[in-house]
Amino acid sequence: MTHLRLPGLVDAHVHLREPGYTYKEDFFSGTAAALAGGVTVVLDMPNTYPPTATPDRLIEKARLAAAKAVCDVGLFVGATTTHADAYLPVAEQACALKIYVSDTFGSLRIDTLDLMHRLFRTWAAQADKVGYRTSAHRSGLGPITVHAEELMLPVCLALADLYSTPLHIAHVSRRSEIELIRAAKERGHTVTCEVTPHHLFLSSDDLPRLGNRGDMRPRLATPEDVAALWANLAYVDIFATDHAPHTLAEKGIGVGEPPPAPPPGVPGLETLLPLLLTAVHDDRLSLDDIITRCVSNPRRIYGLPEQPDTWIEVDAERAYVLADEAMCTRVGWTPFAGMRLRGQVARVTLRGQLVYDQGQLLAAPGSGRVLFGVEG
Ligand SMILES: [Zn+2]
């Protein structure tokens, strides 16, 4: 039995669903799933109900997270067509700004140039006053993170370039997109990007088997797209899960009549590390590839504080078949069910406290911290 000791991982893209959708997940169940996956920091997206688009909503969300989380939590603010950049007074207390330019779950889609231009312009103007967070400068603003697929990607690159804003591209899934990001990086643009495990380990070929269990945005891409992501891993800064739980009933699975529009999104917090460790076992990745993309790069890109005396212990060789029943997420399923994996989190220590031990959660609700000093 090989035991590995690794730093606590960062999952820079999760949807913990609180407030508004706590029957799917909340700050307690979602951060418990994080610890079970070896993740000690999550960055939570703003498309809750109501959305995290104003100072009041960020403060309310921070209060909920501070009371319930068992790992550390950073909170995104989001732009909406009705509130525009109303988040600006609390921009420094958010881990970053999220803009949904492409189709997704919730009400945050931005689809006019007028509003897009304003969001980049005012974020940059705010940064002129307070700076951007970097390894050397721990206060200030985070990047602008976008869900921008296909032709919306060059729009965001151009706006970020125009205003010199750090830009992070969430869940890249296509060959065309990773190739454009590669070209932008080679030409010196300050763009970073992330890829999810489902876009690395599943493809559209799995859809007949998965049905709505394989429905998310961006959708599962072709095997050619998946191969291009693997071929261009050197240009992928972050592995993040886009943990986006919905119940199986909402997905139309196990119910008589499937709903007309099942919500897109799949859970992923608990399967991130086992999938990546399986890829290490199969010689497709190195451990260093994981640490770079799940610890050091997200920390640098979002200016996250270090977590002292924090580590995870992993049984790296343990082989098992992944099952829905083993999941801690409130929705209790995984799109990777049935896969044979290697590597399982045995123990998690956060700031010197053993918080997870062989399937047992030992942390009390509220022991996680909300990052960037949001006043609860
Ligand atoms: Zn997402």
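Numbering of ligands and ligand atoms starts at 1, following listing order.
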Notebook entry, point to check: Strictly under 2.8 Å, is any N, O or S atom of His13 next to the Zn ion (ligand 1)?
Noted result: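 Checking His13: at least one N, O or S atom is under 2.8 Å.
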Margin query: Report whether any nitrogen, oxygen or sulfur of His171 sits less than 2.8 Å from the Zn ion (ligand 1) (N, O or S, backbone or side chain).
Written below: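 For His171, the answer is no, given that no N, O or S atom comes within less than 2.8 Å of the Zn ion (ligand 1).
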Checklist line | Within 45° cone and under 6.0 Å: Arg133 NZ/CZ vs Phe372 ring | finding: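 Flagged: Arg133 positioned over aromatic ring of Phe372.
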Margin query: Clusters formed by hydrophobic residues whose side-chain heavy atoms approach within less than 4.5 Å: which one holds Leu113, and what are its other members?
Written below: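 Leu113 shares its hydrophobic cluster with no other residue.
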Notebook entry, point to check: Just how far is it from atom CD of Gln126 to atom CG of Asp85, taken to the nearest 0.5 Å?
Noted result: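 Going from the CD atom of Gln126 to the CG atom of Asp85 covers 9.5 Å.
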Check: Residues two or more places apart in sequence or in another chain: which of them pass side-chain contact (heavy atoms from CB on, under 4.5 Å) with Asp282?
Finding: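 For Asp282, the residues satisfying side-chain contact (heavy atoms from CB on, under 4.5 Å) (neighbours in sequence not counted) are Thr278, Arg284.
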Notebook entry, point to check: Of all the N, O or S atoms in Asp242, which one sits nearest to the Zn ion (ligand 1)?
Noted result: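 The Zn ion (ligand 1) is closest to the Asp242 atom OD1, counting only N, O or S.
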